[in-house]
*Asks:* 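Below is one structure. I have some questions about it.
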There are 2 protein chains.
Amino acid sequence: MRIGEAAAAAGMTTKTLRFYEDSGLLPAAKRSSNGYRDYHDDSVARLEFIRRGRAAGLALTQIREILSLRDAGEAPCAHVQDLLSNQLAELDHQISELMALRSIVAGLHATAASGTDASCDPEQICSYL
Amino acid sequence: MRIGEAAAAAGMTTKTLRFYEDSGLLPAAKRSSNGYRDYHDDSVARLEFIRRGRAAGLALTQIREILSLRDAGEAPCAHVQDLLSNQLAELDHQISELMALRSIVAGLHATAASGTDASCDPEQICSYL
DNA sequence: CTCAACCTTCCCCTACACTGGAATGTCAAG
DNA sequence: CTTGACATTCCAGTGTAGGGGAAGGTTGAG
């Protein structure tokens, strides 16, 4: 199958497939006689795996690690479990940071909303912020 | 005061101050006879304002808007209140997205943790992901 | 024959907020 | 005199995940 078909099957663009090949996420596709990339169903499965990983918030470098392990013949499941574990911790961290930020901003907003025009002095640069 | 002092006082690098000047967040500093930038305490206050804005998660473009209003002599408080309001909505959105992602990843992690070695087939590319 | 729809490589561009480094100038201390 | 710590400008790169578009080759249909 040609790149356009493979891309459509995986819900990506042809640009993305070439980018993944350049990035080492996809092995270099074999070429037809006309020089066109020729993909097998396996490639689509691999692309879908990448898609699922991205949807889980994994970075391409992490997905590349998983695929490299697998390509080396190792079962990457333990590694994947580690990654997911880290990812979970990372998400918890991000969420708590954002919630802390939210409470700061909410406080600022409340203060700003309660300010009178008198307190809003151009010289003060919004001192509550 | 020279750029290094001002930067230290504001907890930034000299690179950052020059960057802010280029970006229109700081007015062009007046120069000493040797060509060095010469900062006043006001600049440090302004830098600290920028820092607080950044800490509140505002983008430099938003901070620039606030400062521009103030520089134009308008009290920017109403605008700041709008920005904070939007920022709050944005944070809520980000938090809910991250929490949704977290529950997906938690599910994947639980599945991965429950997998036996037998289910961990190198050919399967960790089918649970 | 021609046209549209594919494909190829190549290089640059995006947003964000800086950061690094080169080449050069200034100044106070030892 | 020299050394070291400052300062200046300017250009280029960082990381992320591709996107835009040029210039050209290939193929099937009408």
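Sequence lines set the chain letters: A, B, ... in the order given, protein chains first and strands last, and positions in each chain run from 1.
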*Asks:* Verify the contact: side-chain N or O of R64(B) to OP1 or OP2 of dC16(C), cut-off strictly under 4.0 Å; return yes or no.
*Replies:* no
*Asks:* What nucleic acid atoms does R18(A) come within less than 4.0 Å of, heavy atoms only: base, sugar-phosphate, or nothing?
*Replies:* base
*Asks:* So which atom in L47(A) and which in A10(A) form the shortest heavy-atom distance, rounded to 0.1 Å?
*Replies:* CB-CB, 3.6 Å
*Asks:* Within a radius of less than 6.0 Å around CE of M99(A), do more than 12 heavy atoms belonging to other residues, nucleotides or ligands occur?
*Replies:* no
*Asks:* Could you pull out the protein-nucleic contacts involving nucleotides 15-17 of chain D (nitrogen or oxygen on both sides, under 3.5 Å)?
*Replies:*
from: dA17(D); atom 1: OP1; to: R54(A); atom 2: NH1; distance (Å): 3.0

*Asks:* Whole angstroms only, please: what is the CG-P distance between N34(A) and dT27(D)?
*Replies:* 5 Å
*Asks:* Between dG21(C), dT8(C), dG19(D), which nucleotide gets closest to the side-chain atoms of R37(A)?
*Replies:* dT8(C)
*Asks:* For Q62(B) and dA15(C), give me the distance from atom CD to atom C1', rounded to whole Å.
*Replies:* 14 Å
*Asks:* Check the distance between dC27(C)'s P and R31(B)'s CZ and give it to me in whole angstrom.
*Replies:* 14 Å
*Asks:* Under 6.0 Å from the CE atom of M12(B), do we count more than 12 heavy atoms belonging to anything else shown?
*Replies:* yes
*Asks:* Are more than 12 heavy atoms from other residues, nucleotides or ligands located less than 6.0 Å from atom CZ of R51(A)?
*Replies:* no
*Asks:* Whole angstroms only, please: what is the CD1-P distance between I3(A) and dG19(D)?
*Replies:* 12 Å
*Asks:* Within the structure shown, what part of the strands sits under 4.0 Å from S23(A) by heavy-atom distance: base, sugar-phosphate, or nothing?
*Replies:* nothing
*Asks:* Side-chain N or O of T16(B) versus OP1/OP2 of dT19(C): is the shortest distance under 4.0 Å?
*Replies:* yes
*Asks:* Write down the distance between CD (E21(B)) and C1' (dT8(D)), rounded to a whole number of angstrom.
*Replies:* 12 Å
*Asks:* Nearest-Å distance, CZ (R2(A)) to C1' (dT27(D))?
*Replies:* 8 Å
*Asks:* Output the rounded distance in Å from CG (D38(B)) to P (dT26(C)).
*Replies:* 17 Å
*Asks:* Which heavy atom of L88(B) sits nearest a heavy atom of R102(A), and at what distance?
*Replies:* CD1-O, 3.7 Å
*Asks:* L25(B) has an atom CG; how far is it from atom P of dA17(C), in whole Å?
*Replies:* 9 Å
